[in-house]
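Throughout, a chain's letter reflects where its sequence line sits, starting with A, and its residues are numbered from 1.
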Number of protein chains: 2
Amino acid sequence: MDTKDRQIIRALQRDGRMTNQDLAEAVNLSPSPCLRRVRNLEAKGVIQGYSAEVDPAAYGLAITVFVRIKLERHNEEDVQKFEKRVRLIDEVLECHVMTGAMDYQLRVLVPDLEAYENFIRNRIHPIGGIASIDTSFVYGTVKRTAVFPLSR
Amino acid sequence: MDTKDRQIIRALQRDGRMTNQDLAEAVNLSPSPCLRRVRNLEAKGVIQGYSAEVDPAAYGLAITVFVRIKLERHNEEDVQKFEKRVRLIDEVLECHVMTGAMDYQLRVLVPDLEAYENFIRNRIHPIGGIASIDTSFVYGTVKRTAVFPLSR
DNA sequence: CCCCTGATTGGCAGATTTTGCCAATTTATA
DNA sequence: TATAAATTGGCAAAATCTGCCAATCAGGGG
């Protein structure tokens, strides 16, 4: 992981579909060592995959919600159960374990408010063992980028 | 935006670099109409771009932080100033306007705790007009996907 | 200071993929 | 049902990918 690798990573975060030729030019390499570095980053798991960035509203998912959840108990069994169930819910795009007053923060995508109510009632509450839920809707997005800051 | 478009979108969210030929096969089209649909989704802004998914820790950014910020005043000028400044900060990958007790939630990536302290002192506080800051560090990630739920 | 070793690079060529064009098919509308 | 519009599939030229080999570079030991 040298400077060249970091350049490659940031270029592919900006445009994950750029051709290897363009990428090579952008980082001052010829195509073949450039491709070799990319494949290497993929094999080592530094680059975990590639994905299309899609406008959720245009797709029909107008509402983004951050849901913060606290469990009643934190024994191994209840924690495992919660995490396993959460992973299976398609509307949950992200779930992190957090410091602070709440245990988890979820990023959830739903078409409308009614769907959010159903999500909480039919997907979250049935898991059981939940002490409290705190919901914040996203009004607007000021910034959203996939490009990491240059580190050193 | 029909079923086929949604299939294409979800396939490209799973693997943004799959070849058009494979994509066409996955959605039961021949390559040329498939590519035409993709280009159309890009032109309409439904697909906003493509990006590499990178392991932050492997890149050297071990710490993910969600920062919730409340402003002192909400007049046009202070709000614009805050948002403009936040957009320029490389460590901030996301910033959303939120309902609830806090005004904004930021997703921030830094190499270590010291860098986070510097981030707050040198990047956030100097903006001014901030009433309160609430920090939650990410301990672990239970789920993270780019693939939207199928909407109807 | 030079040589040796291992790692990385650049160029080449065959295989694969993209992409614009046209005729044929399907879908929607009157 | 007839017509118009939109969408599709196939083809071929252009661009790209990717494995291989010789050349170059960086670092350590004598």
Q: Can you tell which of A:E83, A:E76, A:E77 makes a side-chain hydrogen bond (donor to acceptor under 3.5 Å, both in side chains) with A:Q80?
A: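 Of A:E83, A:E76, A:E77, side-chain hydrogen bond (donor to acceptor under 3.5 Å, both in side chains) with A:Q80 is met by A:E76 alone.
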Q: What is the separation between atom CD on B:E25 and atom C1' on D:dG10, rounded to the nearest whole Å?
A: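 Result: 16 Å.
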Q: How many Å lie between CE on B:M18 and C1' on C:dT16, as a whole number?
A: 16 Å
Q: Nearest heavy atom decides the nucleotide; on that basis, is A:L29 or B:D22 closer to the 5' end of DNA chain C?
A: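 In this pair, the answer is A:L29.
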Q: Report the distance from atom CD of B:Q21 to atom C1' of D:dC11, rounded to the nearest whole Å.
A: 13 Å
Q: Nearest whole Å is fine: how far is C:dT16 P from B:N20 CG?
A: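 Distance check: B:N20 CG to C:dT16 P gives 17 Å.
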Q: If you look at every strand shown and take non-hydrogen atoms under 4.0 Å, does A:R36 touch a base, only sugar-phosphate, or nothing?
A: base
Q: Among C:dT19, D:dC17, D:dT8, which is the nearest nucleotide to the side chain of B:P31?
A: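 Per side-chain heavy atoms of B:P31, the pick is C:dT19.
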Q: In plain terms, say whether A:R37 and A:D2 are close enough for a salt bridge, that is, a side-chain N and a carboxylate O under 4.0 Å apart.
A: yes
Q: Within this structure, what is the CG-to-P distance between A:L23 and D:dT16, rounded to whole angstrom?
A: 13 Å
Q: What integer distance in Å separates B:N40:CG from D:dA6:P?
A: 12 Å
Q: Please work out if A:S32 contacts a base, only the sugar-phosphate, or nothing of the nucleic acid, heavy-atom cut-off 4.0 Å.
A: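 It contacts base atoms.
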Q: Could you walk me through whether A:L150 and A:R6 satisfy the side-chain contact (heavy atoms from CB on, under 4.5 Å) test, starting with their C-alpha distance in whole Å, then the side-chain angles of each, then the deciding distance to 0.1 Å, before giving a yes or no?
A: CA-CA 8 Å; A:L150 356 91; A:R6 266 185 277 269; over 6 Å; no
Q: Nearest-Å distance, CZ (B:R37) to P (C:dT18)?
A: 18 Å
Q: What is the distance from CG of A:D2 to C1' of C:dT8, rounded to the nearest Å?
A: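 Whole-Å distance recorded here is 11 Å.
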Q: For B:F137, does its backbone N or O pair with a side-chain atom of A:T99 as donor and acceptor, under 3.5 Å?
A: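 Such a contact is found between A:T99 side chain and B:F137 backbone.
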Q: So, A:D103 side chain and A:L71 main chain: donor-acceptor pair closer than 3.5 Å or not?
A: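 Judged by distance alone, yes, a pair lies under 3.5 Å.
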Q: Identify which nucleotide among C:dT19, D:dG9, D:dC17 has an atom closest to any side-chain atom of B:R39, counting heavy atoms from C-beta outward.
A: C:dT19
Q: Between B:L35 and A:K4, who's closer to the 5' end of DNA chain C by nearest nucleotide?
A: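 Its nucleotide being nearer the 5' end, the pick is A:K4.
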